[in-house]
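These numbers were taken from a predicted model, which means no experiment stands behind them.
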Amino acid sequence: SLYSHLEKMTDLVAVWEVALSDGVHKIEFEHGTTSGKRVVYVDGKEEIRKEWMFKLVGKETFTVGAAKTKATINIDAVSGFAYEYTLEINGKSLKKYMENRSKTTNTWVLSLGGTDYRVVLEKDTMDVWCNGQKMETAGEFVEDGTETHFSVGDHSCRIKAVSSGKRKEGIIHTLIVDDREIPEAVE
């Protein structure tokens, strides 16, 4: 019913978008500051529901995504009846986590045959994810570095890893789909 839906949404106090290897996840948090109600939704699915909480401050911990990444919402009183909600991912603030992620992963967004794909390379493990699935890959050494091969539909894909020659930059990863270089996405 519309009324109960509207009533439900009035307790929505925070919404976060978290980019992980298997996709971008939406976290929504409801906090009833009179009842102490706490509800956490991940991608629209209810993960935690507590109807009556005597303590209005505290934390809720749950997992997000295929890799079951740990997430915590901290509820702090700011003043009087005002509250602040902060999201931590793997024990780091969302901002710190995303800054660190941009150093440890590469992300590409592309369209093939009318379908959008999001390809993520985890540099530490060389795991490749595409639209939420961990891909089967084959690595090979090439003249100037390495290539990690995988397929998306009937498209041949490879991620080329080449030394930049500069210590600060390290290794440059390039996604090549059907011999076309794909620019890296900024999330």
What's the separation between atom CG in L121 and atom CE in M135, rounded to the nearest 0.5 Å?
13.0 Å
Is it possible for you to say whether M126 and V152 belong to one hydrophobic cluster, with membership spreading through side-chain heavy-atom contacts below 4.5 Å?
yes
Does the side-chain contact (heavy atoms from CB on, under 4.5 Å) test come out yes or no for L12 and E28, once each step is laid out?
CA-CA 7 Å; L12 186 70; E28 297 169 288; 3.7 Å; yes
Taking it one step at a time, do V128 and V120 satisfy side-chain contact (heavy atoms from CB on, under 4.5 Å)?
CA-CA 6 Å; V128 176; V120 177; over 6 Å; no
Report, as yes or no, whether the 6.0 Å neighbourhood of atom CD on E136 holds more than 12 heavy atoms from other residues, nucleotides or ligands.
no
Restricting to non-hydrogen atoms, name the atom on E184 and the atom on T107 that form the minimum distance, rounded to 0.1 Å.
CG-O, 3.1 Å
With side chains defined as the heavy atoms from C-beta onward, is the minimum distance between E46 and V40 less than 4.5 Å?
no
Do Y117 and L112 have side chains that approach each other closer than 4.5 Å (heavy atoms only, starting at C-beta)?
yes
Counting neighbours of NZ on K123 that are heavy atoms of other residues, nucleotides or ligands and sit closer than 6.0 Å, is the number greater than 12?
yes
Can you give me the closest heavy-atom contact between W16 and F29, atom names plus distance?
CZ3-CB, 4.1 Å
Ion pair E147/K160, N-O distance below 4.0 Å
yes
Could you give the side-chain donor-acceptor pairs of residues 173-180 under 3.5 Å, partners two or more places apart or in another chain?
residue : atom : partner : partner atom : Å
D178    : OD1  : S156    : N            : 3.2
D178    : OD2  : H155    : ND1          : 2.5
D179    : OD1  : R158    : NH1          : 3.3

Exercise: identify the closest heavy-atom pair between V109 and A185:
CG2-CB, 3.8 Å
Do the non-hydrogen side-chain atoms of V162 and I171 ever get within less than 4.5 Å of each other?
no
How many angstroms lie between atom OG of S35 and atom NZ of K50, to the nearest 0.5 angstrom?
13.0 Å
Between V15 and K26, is there a side-chain heavy-atom distance shorter than 4.5 Å?
yes
Quick test of your reading of the model: are K134 and D127 salt-bridged, counting only N-O distances below 4.0 Å?
yes
Donor-acceptor pair, distance only, cut-off 3.5 Å: does the side chain of S151 make one with the backbone of D154?
no
Heavy-atom nearest pair, S164 first then G170, reads OG-O, 2.7 Å
If two hydrophobic side chains count as joined below 4.5 Å and joins carry through other members, does F150 share a cluster with I182?
yes
What I'd like to find out is whether the side chain of T63 reaches to under 4.5 Å of the side chain of T69, using heavy atoms alone.
no
For residues D11 and V39, determine if any side-chain heavy atom of one lies less than 4.5 Å from a side-chain heavy atom of the other.
no
Does this structure show an ion pair linking K103 with E99, if we count only N-O contacts that are shorter than 4.0 Å?
no
Polar contact flag, side-chain donor to acceptor under 3.5 angstrom, H25-E17
no
Looking at every non-hydrogen atom in both residues, tell me the closest pair between W129 and E122 and how far apart they are.
NE1-OE2, 3.4 Å
Rounded to the nearest 0.5 Å, how far apart are CG of N106 and CD1 of I159?
7.5 Å
CD on Q133 to SG on C130, rounded to 0.5 Å:
8.5 Å
Salt bridge E30-R38, side-chain N to carboxylate O under 4.0 Å
no
Side chains of Y85 and H31: donor-acceptor distance under 3.5 Å anywhere?
yes
Measure the CZ-OG distance between R101 and S21 for me, rounded to the nearest 0.5 Å.
4.0 Å
Please answer: with hydrophobic residues joined when any side-chain heavy atoms are less than 4.5 Å apart, are V119 and V24 in the same cluster?
no
Between N131 and R118 (side chain of the first, backbone of the second, donor and acceptor by atom type, cut-off under 3.5 Å), is there such a pair?
yes
Report the C-alpha separation of M98 and L94 in whole Å, then their side-chain angles, then the decisive distance to 0.1 Å, and conclude whether the side-chain contact (heavy atoms from CB on, under 4.5 Å) test is met.
CA-CA 6 Å; M98 293 318 289; L94 182 57; 4.1 Å; yes
Full working for side-chain contact (heavy atoms from CB on, under 4.5 Å) between T137 and H149:
CA-CA 5 Å; T137 61; H149 295 262; over 6 Å; no
d(I48 CD1, F62 CZ) to nearest 0.5 Å is 6.0 Å
Table please: side-chain donor-acceptor pairs of residues 71-78 below 3.5 Å, with sequence neighbours left out.
residue : atom : partner : partner atom : Å
T72     : OG1  : T61     : OG1          : 3.1
N74     : ND2  : E88     : OE2          : 3.2

Answer whether the closest heavy-atom distance between the side chains of R49 and Y41 falls below 4.5 Å.
yes
